Amino acid sequence: MSPSNSVKKSVAMLLAALFAALASTLCCIGPLLYLLFGISAAGFIGIAAFAWLQIPMTIVSVGLMAAGFWRLYLSPRPVCVNVVSRRTLLWLYWLALPLVIALLSWPYVLSWLWELME
């Protein structure tokens with residue numbers, strides 16, 4: 001595998017984890033918009049159809065982030081970089097991790113916020 005393929009694979013893994021975390025929160029986008037902007041949630045009634053995606057996408061997201069951690073820190077083959085330095089990949093990983101955690105925990109935080117508002 002060439003060095004640029006390794007970098008592309010690492011960046012693709014981070015982006016896929018972010019996408020999976022975002023997809024796992026699709027069921028809660030309606031209440032979020034209602035909460036933030038005060039708009040009517042009647043138009044978002046069909047988004048509940050995506051609720052079945054939450055668990056598979058959570059598993060995919062956590063798995064990809066774990067694979068990225070393993071590849072960056074524990075792999076016997078170091079990440080070979082040409083275009084992007086290893087330091088940049090580490091920064092991208094640690095910037096993506098809080099975003100993934102926030103997206104994965106949002107449905108639970110949202111229900112907690114609803115309870116506080118009542």
Side-chain angles (χ1 to χ4, degrees):
M1 182 180 296
S2 72
S4 64
N5 283 343
S6 177
V7 171
K8 288 178 186 175
K9 188 175 181 180
S10 297
V11 171
M13 200 179 312
L14 284 173
L15 290 176
L18 285 171
F19 176 74
L22 182 65
S24 72
T25 62
L26 281 176
C27 63
C28 300
I29 197 74
L32 169 66
L33 291 176
Y34 182 72
L35 179 70
L36 289 177
F37 301 114
I39 61 174
S40 172
F44 299 111
I45 197 85
I47 293 179
F50 294 115
W52 65 273
L53 283 173
Q54 185 175 6
I55 292 174
M57 288 299 158
T58 298
I59 292 168
V60 168
S61 181
V62 170
L64 286 169
M65 290 305 287
F69 182 84
W70 181 82
R71 185 77 171 109
L72 286 171
Y73 288 103
L74 305 173
S75 176
R77 282 184 18 210
V79 176
C80 300
V81 291
N82 258 351
V83 179
V84 180
S85 69
R86 184 175 190 278
R87 179 186 228 176
T88 304
L89 287 176
L90 291 173
W91 271 99
L92 286 173
Y93 179 82
W94 289 109
L95 286 173
L97 186 66
L99 183 59
V100 168
I101 291 171
L103 287 171
L104 290 177
S105 63
W106 179 251
Y108 310 106
V109 171
L110 183 63
S111 64
W112 179 70
L113 286 175
W114 279 114
E115 288 178 16
L116 286 178
M117 291 177 63
E118 290 180 350

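As the structure is a prediction and not an experimental result, all values here were calculated from the model.
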Q. Just how far is it from atom CG of Leu72 to atom CH2 of Trp94, taken to the nearest 0.5 Å?
A. 9.5 Å
Q: Treat each ILVMFWY residue as a node, draw an edge where side-chain heavy atoms are under 4.5 Å apart, and state whether Leu103 and Leu15 are in one component.
A: yes
Q | ILVMFWY cluster, Leu95 and Trp106 together (side-chain gap under 4.5 Å) | A | no
Q: Report the distance from atom CZ of Phe69 to atom CG of Leu97, rounding to the nearest 0.5 Å.
A: 9.5 Å
Q: Quick one: pull up CZ in Arg71 and CG in Leu89 and give me the separation to the nearest 0.5 Å.
A: 10.0 Å
Q: Would you please test Thr88 and Ser85 for side chain to side chain donor-acceptor pair (under 3.5 Å) and show each step?
A: CA-CA 5 Å; Thr88 304; Ser85 69; 2.9 Å; yes
Q: Please report the closest heavy-atom contact between Tyr93 and Gly68, naming both atoms and the distance.
A: CE1-C, 4.1 Å
Q) Taking ILVMFWY side chains as joined if any heavy atoms are under 4.5 angstrom apart, and letting links pass through other members, which residues group with Phe19? A) none
Q: Tell me, yes or no, whether the heavy-atom count around Ile55 atom CD1, taken from other residues, nucleotides or ligands under 6.0 Å, exceeds 12.
A: no
Q | Nearest heavy atoms of Ala17 and Met65, plus distance in Å | A | CB-SD, 3.5 Å
**Q.** Over all atoms of both residues, closest heavy-atom pair of Leu64 and Ala16
**A.** CD1-CB, 3.4 Å
Q | Cluster check Val60, Leu18: I/L/V/M/F/W/Y, side chain < 4.5 angstrom | A | no
Q: Check whether any side-chain N or O of Thr58 sits under 3.5 Å from a backbone N or O of Gln54 as a donor-acceptor pair, and report yes or no.
A: yes
Q. Is it true that Trp52 and Met57 fall in one hydrophobic cluster, defined by side-chain heavy atoms closer than 4.5 Å?
A. yes
Q: For Ser105, enumerate each residue passing the side-chain hydrogen bond (donor to acceptor under 3.5 Å, both in side chains) test, keeping only those at least two apart in sequence or located in another chain.
A: none
**Q.** Hydrophobic cluster membership, Met13 vs Leu92, 4.5 Å side-chain cutoff
**A.** no
Q.
Under a 3.5 Å distance rule, please check whether Ser61 uses its side chain to pair with a backbone N or O of Ala20 as donor and acceptor.
A. no
Q: Work out which heavy atom in Leu14 is nearest to a heavy atom in Ala96; give both atom names and the distance.
A: CD2-CB, 4.2 Å
Q.
Do Val62 and Leu104 have side chains that approach each other closer than 4.5 Å (heavy atoms only, starting at C-beta)?
A. yes
